[in-house]
Amino acid sequence: RAVEPLIVSLKHRKEDVRRISAKLLAAIGGPRVIKPLILALKDPAADVRFEAASGLRKLSGEDYGADPEKWQRWHELDEAAREIDERLAGDAALTYIAALLNPSWAARAYAAKALGTLNDRRAVVPLRGVLWDKDPTVRVHAATALGAIGDPQAVEPLLAAISDADPEVQEAAEGALRAITGANLGREVSRWQEWWDENHDYAFNRYHEKVTREAAEEAAQHPEEEAP
């Protein structure tokens, strides 16, 4: 009940009232207070913006300073994560793969990020496709996820992603290539291409050995019960 009056008070003509309202909203917490606090980052008073930013940092565990655009994108991503995870049932990988086609950039970005935690090879081809997504955050998470999965099928599209217009995508693509290949060649596409031409078979063999080893370890941890 206390939230709504405090949200209204964020527009009060007195600076102290707005500042205290922002501080109290942060103390109350919960999803309902996030958007008002983001809007308070545009307040003309520095003290109000400070309380809003401090509250958002406390509630989120993130730190985007007092930048309302970055906080808004974080908020959209957080909401998308909750919405997708609430619908999870059965095969999580298929749910996330389907979400890569969602009209919302935040849903696509979260789905790509989540797929990187599953180590499911079925995600490789769909993730390769979103390396050319119109939103750079989606591309970053797709590249990072491909690196986490480690399948060399992702190498060639990642080579192209090194030349992405966004520096964060370039960095993610380079990190993914290092993770997949074991090589460290910076962001020079020609060097990577030369390495790939010479070590293509090595990379695939290395990956298949890893998959075989992990499968054996998994089987050892969960042996089948002997038939009576």
Side-chain angles (χ1 to χ4, degrees), residues 62 64 67 69-70 72-74 76-78 80-81 84-85 91-215:
E62 304 289 345
Y64 297 109
D67 188 327
E69 292 185 5
K70 290 183 178 179
Q72 179 61 33
R73 285 179 68 83
W74 168 83
E76 291 175 18
L77 191 60
D78 186 60
I84 293 173
D85 285 347
D91 195 327
L94 292 181
T95 299
Y96 292 134
I97 288 171
L100 292 175
L101 301 176
N102 195 294
S104 163
W105 75 268
R108 299 194 304 276
Y110 175 69
K113 182 179 181 180
L115 285 167
T117 68
L118 297 182
N119 195 26
D120 193 317
R121 295 177 67 187
R122 293 174 297 172
V124 172
V125 172
L127 285 168
R128 284 171 49 174
V130 293
L131 282 175
W132 286 272
D133 193 276
K134 62 183 179 181
D135 188 277
T137 302
V138 179
R139 302 198 299 274
V140 166
H141 285 310
T144 303
L146 287 167
I149 295 170
D151 193 326
Q153 292 185 76
V155 167
E156 292 188 6
L158 285 168
L159 290 176
I162 286 184
S163 300
D164 193 281
D166 190 289
E168 291 187 8
V169 179
Q170 295 174 20
E171 182 179 358
E174 180 193 352
L177 285 168
R178 289 201 307 269
I180 293 170
T181 66
N184 187 0
L185 303 174
R187 299 184 191 177
E188 292 186 28
V189 178
S190 60
R191 293 180 66 197
W192 278 109
Q193 188 64 61
E194 181 179 354
W195 186 96
W196 181 240
D197 291 342
E198 295 177 358
N199 296 278
H200 177 277
D201 292 340
Y202 161 77
F204 274 98
N205 290 335
R206 180 173 178 263
Y207 178 68
H208 289 310
E209 289 174 1
K210 173 176 174 285
V211 171
T212 301
R213 183 173 63 254
E214 290 176 349

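Just so you know, these numbers come straight off a predicted model, no measurement behind them.
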Do [X] and [Y] make a side-chain contact, defined as non-hydrogen atoms from C-beta onward lying under 4.5 Å apart?
X: R139; Y: W132; answer: no
X: I162; Y: V169; answer: no
X: Y207; Y: R121; answer: yes
X: E76; Y: W105; answer: yes
X: V155; Y: L177; answer: yes
X: Y110; Y: D85; answer: yes

State, to 0.1 Å, how close [X] and [Y] come at their nearest heavy-atom pair, and which atoms those are.
X: A145; Y: L127; result: CB-CD1, 3.8 Å
X: A112; Y: L100; result: N-CD2, 3.7 Å
X: G147; Y: A179; result: O-CB, 3.6 Å
X: L115; Y: A123; result: CD2-CB, 3.8 Å
X: A107; Y: I84; result: O-CD1, 3.7 Å
X: W192; Y: N184; result: CH2-N, 4.4 Å

What distance do Y64 atom OH and Q72 atom CD have between them, rounded to the nearest 0.5 Å?
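Those atoms lie 12.5 Å apart.
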Partner of I180 by side-chain contact (heavy atoms from CB on, under 4.5 Å), out of D151, I149, L158
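Per the side-chain contact (heavy atoms from CB on, under 4.5 Å) rule, the option paired with I180 is L158, out of D151, I149, L158.
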Tell me which one of H141, R108, R73 satisfies side-chain hydrogen bond (donor to acceptor under 3.5 Å, both in side chains) with D135.
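For D135, the side-chain hydrogen bond (donor to acceptor under 3.5 Å, both in side chains) test succeeds with only one of H141, R108, R73, which is R73.
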Using ring pair (Phe, Tyr, Trp, His ring centres under 6.0 Å) as the criterion, list what pairs up with H208, not counting sequence neighbours.
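Once residues adjacent in sequence are excluded, H208 has no partner under the ring pair (Phe, Tyr, Trp, His ring centres under 6.0 Å) criterion.
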Not counting sequence neighbours, list each pair that qualifies as a salt bridge (Lys or Arg N to Asp or Glu O under 4.0 Å) and has a residue in residues 197-211.
K210-E214
Pairs involving residues 170-185, ordered by first then second residue, that meet salt bridge (Lys or Arg N to Asp or Glu O under 4.0 Å) (sequence neighbours left out):
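Counting only pairs at least two positions apart or across chains, the salt bridge (Lys or Arg N to Asp or Glu O under 4.0 Å) contacts touching residues 170-185 are E174-R178, E174-R187.
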Decide if atom CD of E168 counts as having more than 12 heavy atoms of other residues, nucleotides or ligands within a radius under 6.0 Å.
no
Mark yes or no for whether N199, through its side chain, and Y202, through its backbone, hold a donor-acceptor pair below 3.5 Å.
no
Could you tell me whether a side-chain N or O of Q170 sits under 3.5 Å from a main-chain N or O of S163, the two making a donor and an acceptor?
no
Residues D91 and Y96: side-chain donor-acceptor under 3.5 angstrom
no
Report the C-alpha separation of R122 and L94 in whole Å, then their side-chain angles, then the decisive distance to 0.1 Å, and conclude whether the side chain to side chain contact (heavy atoms under 4.5 Å, CB included) test is met.
CA-CA 9 Å; R122 293 174 297 172; L94 292 181; 3.9 Å; yes
